[in-house]
A.B. asks: 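I have a structure here, written as structure tokens, and I will follow up with some questions on it.
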Amino acid sequence: MCKIFRNMIPYWKSVVIIVLLLCVQAYCDLALPNYTSRIIDVGIQDRGVEHVAPEAITEESYAKAQTFMNSDDIKLWKSIYDKDGSVYRLNVSDEEELDRIDDELLIPVVADYQMNKAMEQAETDPAAAEAAGGEAPDSGMPTDTAMAEYSIEDMEKMAESIGTETLMSMGVAFASECSEEAGIDMDAVQKDYLWSSGRKMLGIAFIMLAASIMVAFFAARVGAGIGRNLRNKVFRNVVSFSNGEMDKFSTASLITRNTNDVQQIQMVSSMLLRMVLYAPIIAIGGVYNVWKTGAGMGWVIGLAVIVIIGFVMLLAAVAMPKFKIMQTMVDGLNLVSREILTGLPVIRAFGREEAEEERFDKANRKLMGTQLFTNRVMTLMMPGMTLIMNCLVVLITWVSAHRIDDGTLQVGTMTAFITYSMLIVMSFLMLTMMSIMLPRAGVAADRIEEVIRTTSSVTDAAETVKLEDAKGVVEFRNVSFRYPDANENVINNISFTAEPGKVTAIIGSTGSGKSTLVNLLPRFYDVTEGSITVDGVDVRDLSLQQLRELIGFVPQKGVLFSGTIASNLRFGREDASDEEIALAAEIAQAEEFIDTKPKKYDDYISQGGANVSGGQKQRLAIARAIAKNPKIFVFDDSFSALDMKTDAKLRKALSRHVENSTEIIVAQRISTILHADQIIVLDNGEVAGMGTHSELMNSCQVYREIAESQLSQKEIAKMLGEVNE
């Protein structure tokens, strides 16, 4: 999680805004249950009356209400009313002051209310009045015994037995009846209260909606920004990798890390901001509001949270190992897919479609099996959580019913408590669900971090040397090389010099180390032993940029990029003029097929050069290197797809136009290197011979065997004569 949060540091301003918006959203979310509670308790049960002091009261009721008040209560009672004809009207509107009045006058007004009810009962039920020791109904007033029954001390004892909530309801009922007697339309009061509460709830809901939308907007932007930054970091670092690092990670794995893994982190980052930050805010607010209800049922929520955490930890323990291997399986599927799609022509040619489909299906089913297992385990979460929450509601209702019966809890308060409990449980549910997703994102973060933290084994020296007026003299001095983690050298103790205006050819059997040798010059790998110099300067002392600017490299497999023919030819030098790329194409013998294209140099080249033939692709790759106008040309078996005639014409044109550059040619065909000023013969990574064609035919058994396996002596002599001409 630390790695994920670390990626958010550049977006700290957005994160602060998100936190503030989440606080607004949580405040609104927590306010709604309280309004629901008040609608039930005040709006419905108490007819919209919130306090025990009536809005208006008749003179008779005003006097009778003072029956059980002491001198301080009477003083307060008289101070809060103004006489308006035959009616007294409340002159206090401040809620805090009204709450204080409720505390002071609750018991006296309830005592008066109870006395009035007892008198009404006596009028309608004389037997009950006599049993209570009262006067006859026609007397209009209870006896002293009846009055004593409703003493303040008794009311305080009754308050303890029936609960403050019930007592408050009785006080509100007193206020409601007094107001109605004074001519106030209580139905209108009730409707006004309900409509007012509804409008407030609607306003709060809209504020919460707006906050939620803004949170989603900023979270999505932060998540997308994190994804963009990670992809940039990974891509920039991968571009700097040497072949050694590319071999270590594999192309398929790097693609997965830069797509699927980054997507995992992007999604989880967005959810962290929307859910994980919101969960503690809503949980703390919910606990505070539960405590404010005074229901005394916190233990119910604690029990529910413990059960939820235990349930989720059980699921996580079962599913977590599978999450950790899922990304590796994605790598495997990506690798198989890439191999099959790349080698589709070969697969078709050998009739291997069914076998490759089975190979893909095997990798696909392995991934599917793991995903199904984790999904099935996670599917249990929602039904399990629903069961726990429903059980929680039943438990709260059962406990609340007893408290309502005891008069210590109201129905609306119970409803609010249930809602707050659900919010608290849902907040823990969000955290636990994220705890399931985080490990997978953590694995993805580790894999991305591994790529970002991997430094190329081929880097610039602390202090580089800059070549002025480079000539392009290349010298290999006792060069040996071993691939990373290999036990033996691939090439051993190779020394030669390649000079400008001369052609140095390298030939040998498959696996002799030809391509490896020329890959050391542009520092795709660094030599294990010895050194390679350009104009007497070790290539490791040159900056990679200057070194590779000096070299025009044509690899074994010609690689073209999507775009036009012109954009591909300008790939090495963007400022090359139209005349220069046309000349390069002419030298590479590519002009003849370019002229047949409808748009000439503006004709489209598809990805990888899929819409041109192998020979055309090689010629364009050669033209691209020529257009760069480098000091050193390296052709790594770059003429293999050309016919003999085109090969000869290309090399002849090349020798005329790049006579001041150093040419190093790796070849399999003898016909390609007959003209070379120097031929180096490799055998098992060592120099088996060095010299011209005629010298090697006499002195090198390996070279002679290669030549005789390809051409007859007559053909060799004829070709050599043509080259000399």
Side-chain angles (χ1 to χ4, degrees), residues 239-247 456 458 460 467 470-476 479 481 491 494 496 498-500 502-507 513-527 532-535 537 539-540 542-561 567-574 576 580-581 584-585 587-588 590 608-609 614 617-642 650-651 654 657-658 660-668 672-673 676 680 682:
V239 168
S240 71
F241 281 174
S242 70
N243 288 13
E245 284 74 45
M246 294 299 295
D247 295 340
S456 176
V458 177
D460 286 336
L467 281 176
K471 295 180 173 55
V473 179
V474 177
E475 184 178 0
F476 281 66
V479 171
F481 174 72
I491 53 178
I494 293 179
F496 67 89
E499 299 176 349
K502 295 183 179 180
V503 177
T504 299
I506 302 172
I507 195 169
K514 305 183 298 296
S515 294
T516 300
L517 186 65
V518 294
N519 281 338
L520 296 176
L521 177 57
R523 293 188 70 194
F524 294 155
Y525 297 98
D526 268 340
V527 298
I532 303 173
T533 64
V534 174
D535 293 348
V537 178
V539 293
R540 288 169 292 191
L542 294 171
S543 68
L544 287 170
Q545 182 178 358
Q546 184 182 21
L547 173 64
R548 290 169 182 173
E549 282 178 352
L550 293 172
I551 300 171
F553 193 89
V554 186
Q556 274 183 309
K557 183 179 179 181
V559 177
L560 299 180
F561 300 91
S567 68
N568 272 277
L569 296 186
R570 288 192 174 97
F571 192 79
R573 186 160 66 95
E574 293 182 357
E580 287 175 321
I581 63 172
I587 296 170
K617 192 185 298 184
Q618 273 198 344
R619 280 180 278 175
L620 288 174
I622 293 169
R624 178 174 60 198
I626 295 170
K628 185 180 179 182
N629 194 25
K631 292 295 182 181
I632 303 166
F633 284 96
V634 178
F635 300 101
D636 185 5
D637 201 12
S638 308
F639 308 100
S640 58
L642 305 181
L650 192 156
R651 285 184 285 103
L654 194 64
H657 289 87
V658 297
N660 294 323
S661 299
T662 302
E663 289 183 59
I664 300 175
I665 299 176
V666 173
Q668 294 280 2
T672 303
I673 61 170
I680 300 162
L682 292 184

A.B. asks: Determine which pairs satisfy salt bridge (charged side-chain N to carboxylate O under 4.0 Å, His left out) with at least one residue from residues 514-525, sequence neighbours left out, and list them in order.
C.D. replies: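 Only R523-D526 qualify under salt bridge (charged side-chain N to carboxylate O under 4.0 Å, His left out).
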A.B. asks: Looking at every non-hydrogen atom in both residues, tell me the closest pair between A625 and P630 and how far apart they are.
C.D. replies: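 Of all heavy-atom pairs spanning A625 and P630, the closest is O-CD, 3.3 Å.
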A.B. asks: Tell me every residue that passes ring pair (Phe, Tyr, Trp, His ring centres under 6.0 Å) with Y525, counting only those two or more places apart in sequence or in another chain.
C.D. replies: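 With sequence neighbours excluded, Y525 shows a ring pair (Phe, Tyr, Trp, His ring centres under 6.0 Å) to F481, Y483, given in chain and number order.
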A.B. asks: Which atom pair, heavy atoms only, marks the closest approach of I581 to A576?
C.D. replies: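 The answer is CG2-CB, 3.9 Å.
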A.B. asks: Could you tell me the separation between the CZ atom of F524 and the CG atom of L544, rounded to the nearest 0.5 Å?
C.D. replies: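 Answer rounded to 0.5 Å: 10.5 Å.
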A.B. asks: Considering residues at least two apart in sequence or located in another chain, which fulfil the side-chain hydrogen bond (donor to acceptor under 3.5 Å, both in side chains) criterion with S638?
C.D. replies: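 Expected list: none.
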A.B. asks: Specify the closest pair of heavy atoms between D637 and A667, including all atoms of both residues, with the distance to one decimal.
C.D. replies: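 Distance-wise, the nearest heavy atoms are OD1-CA, 4.0 Å.
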A.B. asks: Do L620 and N568 come close enough that some side-chain heavy atom pair is under 4.5 Å?
C.D. replies: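 L620 does not reach N568 side chain to side chain.
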A.B. asks: If I take atom CG from residue L682 and atom OG1 from residue T516, how far apart are they, to the nearest 0.5 angstrom?
C.D. replies: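 Here the interatomic distance stands at 9.5 Å.
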A.B. asks: I'd like to check the side chain to side chain contact (heavy atoms under 4.5 Å, CB included) partners of T533; sequence neighbours left out, ordered by chain and number.
C.D. replies: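 With sequence neighbours excluded, T533 shows a side chain to side chain contact (heavy atoms under 4.5 Å, CB included) to E475, R477, S531, given in chain and number order.
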A.B. asks: Measuring from L550:CG to D535:CG, what's the distance to the nearest 0.5 Å?
C.D. replies: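 Those atoms lie 8.0 Å apart.
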A.B. asks: If you measure from CG on L547 to CG on L521, what distance do you get to the nearest 0.5 Å?
C.D. replies: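 The distance works out to 6.5 Å.
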A.B. asks: Taking the side chain as C-beta and beyond, is there a heavy-atom pair between T662 and T504 under 4.5 Å?
C.D. replies: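 Result no, sub-4.5 Å side-chain heavy-atom pair not found.
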A.B. asks: Using the side chain to side chain contact (heavy atoms under 4.5 Å, CB included) criterion, which residues pair with A585? Sequence neighbours excluded.
C.D. replies: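 Checked A585 against side chain to side chain contact (heavy atoms under 4.5 Å, CB included); matches are L569, A590, I594, Y601.
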A.B. asks: Is the shortest side-chain heavy-atom distance between I680 and L517 below 4.5 Å?
C.D. replies: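 A side-chain contact under 4.5 Å is absent here.
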A.B. asks: Apply side-chain hydrogen bond (donor to acceptor under 3.5 Å, both in side chains) to S661 and list each qualifying residue two or more places apart in sequence or on a separate chain.
C.D. replies: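 Applying side-chain hydrogen bond (donor to acceptor under 3.5 Å, both in side chains) to S661 gives none.
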A.B. asks: Do you know which two heavy atoms are closest between A623 and A584, and how far apart they sit?
C.D. replies: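 So the two residues come closest at O-CB, 3.4 Å.
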A.B. asks: Mind listing the closest non-hydrogen atom pair of L560 and A621 along with its distance?
C.D. replies: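 That would be CD2-N, 4.4 Å.
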A.B. asks: Can you name the residues that form a side chain to side chain contact (heavy atoms under 4.5 Å, CB included) with Q546, not counting sequence neighbours?
C.D. replies: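 If we apply the side chain to side chain contact (heavy atoms under 4.5 Å, CB included) test to Q546, skipping adjacent residues, the hits are K466, L467, L542, S543.
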A.B. asks: To the nearest 0.5 angstrom, please state how far the CZ atom of F553 sits from the CD1 atom of I664.
C.D. replies: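 It is 10.0 Å, given to the nearest 0.5 Å.
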A.B. asks: Quick test of your reading: applying salt bridge (charged side-chain N to carboxylate O under 4.0 Å, His left out), list the pairs with at least one residue in residues 617-627, sequence neighbours left out, ordered by first then second residue.
C.D. replies: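 Counting only pairs at least two positions apart or across chains, the salt bridge (charged side-chain N to carboxylate O under 4.0 Å, His left out) contacts touching residues 617-627 are E592-R619.
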A.B. asks: Test your reading of the model: is there a side-chain donor-acceptor pair from K628 to the backbone of I551, 3.5 Å cut-off?
C.D. replies: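 Yes; at least one donor-acceptor contact below 3.5 Å.
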A.B. asks: Considering residues at least two apart in sequence or located in another chain, which fulfil the side-chain hydrogen bond (donor to acceptor under 3.5 Å, both in side chains) criterion with K557?
C.D. replies: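 If we apply the side-chain hydrogen bond (donor to acceptor under 3.5 Å, both in side chains) test to K557, skipping adjacent residues, there are no hits.
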A.B. asks: My understanding is that only residues two or more places apart in sequence, or in another chain, count here; which of them pass side chain to side chain contact (heavy atoms under 4.5 Å, CB included) with E663?
C.D. replies: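 For E663 the side chain to side chain contact (heavy atoms under 4.5 Å, CB included) partners, ignoring immediate neighbours, are V503, F633, F635, L654, V658, I665.
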A.B. asks: List in chain and number order the residues that pass side-chain hydrogen bond (donor to acceptor under 3.5 Å, both in side chains) with R540, two or more places apart in sequence or in another chain; answer none if no residue qualifies.
C.D. replies: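 Here the qualifying residues are D538.
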A.B. asks: Holding to salt bridge (charged side-chain N to carboxylate O under 4.0 Å, His left out), I want the full list of residues that pass it with E549, two or more places apart in sequence or in another chain.
C.D. replies: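 Salt bridge (charged side-chain N to carboxylate O under 4.0 Å, His left out) check on E549 returns nothing, list empty.
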A.B. asks: If you round to the nearest 0.5 Å, how far is CD1 of I506 from CZ of F496?
C.D. replies: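 F496 atom CZ to I506 atom CD1 measures 4.5 Å (nearest 0.5 Å).
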